[in-house]
Amino acid sequence: MTTENEKRIWQTVQAIPFGRVACYGQIADLAGLPGRARLVGRCLASVPKQGWQGKAVPWYRVINSQGKISLPAGSEGFIRQTQLLQDEQVVVIGNKVSLKVFQWQPDLHELLFHLDY
DNA sequence: ACCTTGACGGTTC
DNA sequence: GGAACCGCCAAGG
């Protein structure tokens, strides 16, 4: 089944633009679930491969508040995430992304216009 | 029902 | 920076 929280989180992640990243806590806040960053991580692990409602869910654009990839370093997922980010011109150096440069700064008006909840 | 485990994060030292 | 601490809470044992 799909929970309401998963819907919100997946949908919010879909709003992250190409070439930008967001952190777990940021997604939680925007999804209306403040303080629940861990939930975001869990939900991203269960994203359907075919995406959600016809659109891909760019899970790899979500990293932790320190700008680091949270998957185990060297794991298959870690490698894939790094590759996908670099494919979008996001610079990953020493397992780190500069949030200063690449963090998504959403336009709240536009975001509220697109989200369903 | 109880305990542990996380793709986490803010605070504090 | 970084480490210890605490808050968070859905799943799985």
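A note on names: the letters A, B, ... follow the listed sequences, proteins ahead of strands, and every chain is numbered from 1.
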message: Under 4.0 Å, heavy atom to any atom of DNA chain B: which of residues 8-18 of chain A qualify?
response: none
Would you tabulate the side-chain donor-acceptor contacts of residues 44-52 of chain A under 3.5 Å, counting partners in other chains and residues two or more places apart, or write 'none'?
| residue | atom | partner | partner atom | Å |
| --- | --- | --- | --- | --- |
| A:Ser46 | OG | A:Glu6 | OE2 | 3.2 |
| A:Ser46 | OG | A:Cys43 | O | 3.1 |

query: Between atom CG in A:Leu33 and atom P in C:dC9, what is the gap in whole Å?
result: 10 Å
query: Can you check whether A:Val97 reaches A:Val91 side chain to side chain, under 4.5 Å on heavy atoms?
result: no
- request: Measure from the side-chain N and O atoms of A:Gln81 to the backbone N and O of A:Phe78, and report whether any donor-acceptor pair falls under 3.5 Å.
  value: no
Distance in angstrom units between A:Tyr24 OH and C:dA10 C1', rounded: 17 Å
Solution key, residues 64-74 of chain A side-chain donor-acceptor pairs under 3.5 Å, sequence neighbours excluded:
| residue | atom | partner | partner atom | Å |
| --- | --- | --- | --- | --- |
| A:Asn64 | OD1 | A:Gln66 | N | 2.9 |
| A:Asn64 | OD1 | A:Gly67 | N | 3.3 |
| A:Asn64 | OD1 | A:Lys68 | N | 3.0 |
| A:Asn64 | ND2 | A:Lys68 | O | 3.4 |
| A:Asn64 | ND2 | A:Ser70 | OG | 3.3 |

- prompt: Which whole-number value in Å describes the distance from A:Ile69 CD1 to B:dC8 P?
  reply: 12 Å
task: Would you mind reading off the distance between A:Arg36 atom CZ and B:dG9 atom C1', rounded to a whole angstrom?
output: 15 Å
query: Can you name the residues that form a salt bridge (charged side-chain N to carboxylate O under 4.0 Å, His left out) with A:Arg8, not counting sequence neighbours?
result: A:Glu4
message: If I take atom CD in residue A:Gln66 and atom P in nucleotide B:dT11, what distance separates them, rounded to the nearest angstrom?
response: 14 Å
task: Would you mind checking if A:Glu88 and A:Arg20 are paired as a salt bridge, meaning a charged N to carboxylate O distance below 4.0 Å?
output: no
message: Quick check on A:Phe18: does its CZ atom have over 12 non-hydrogen neighbours (other residues, nucleotides or ligands) under 6.0 Å away?
response: yes
message: Side chain of A:Ser70 only, heavy atoms from C-beta on: which candidate in B:dG9, B:dC8, C:dA10 is closest?
response: B:dC8
message: Under the rule for side-chain contact (heavy atoms from CB on, under 4.5 Å), what residues qualify as partners of A:Leu99, not counting sequence neighbours?
response: A:Val21, A:Ile63, A:Gln103
- request: Measure the distance from CD1 on A:Ile27 to P on B:dC8 and round it to the nearest whole Å.
  value: 14 Å
message: Could you tell me how far apart A:Lys68 (NZ) and C:dG1 (P) are, to the nearest whole angstrom?
response: 10 Å
Modelled atom types, side-chain donor and acceptor of A:Tyr60 and A:Gln83, under 3.5 Å: no
- request: Could you tell me the separation between the CD atom of A:Glu76 and the P atom of B:dA7, rounded to a whole number of Å?
  value: 16 Å
task: Could you identify which residues of residues 38-64 of chain A place a heavy atom less than 4.0 Å from some atom of DNA chain C, listed by residue number, or say none?
output: A:Arg38, A:Arg42
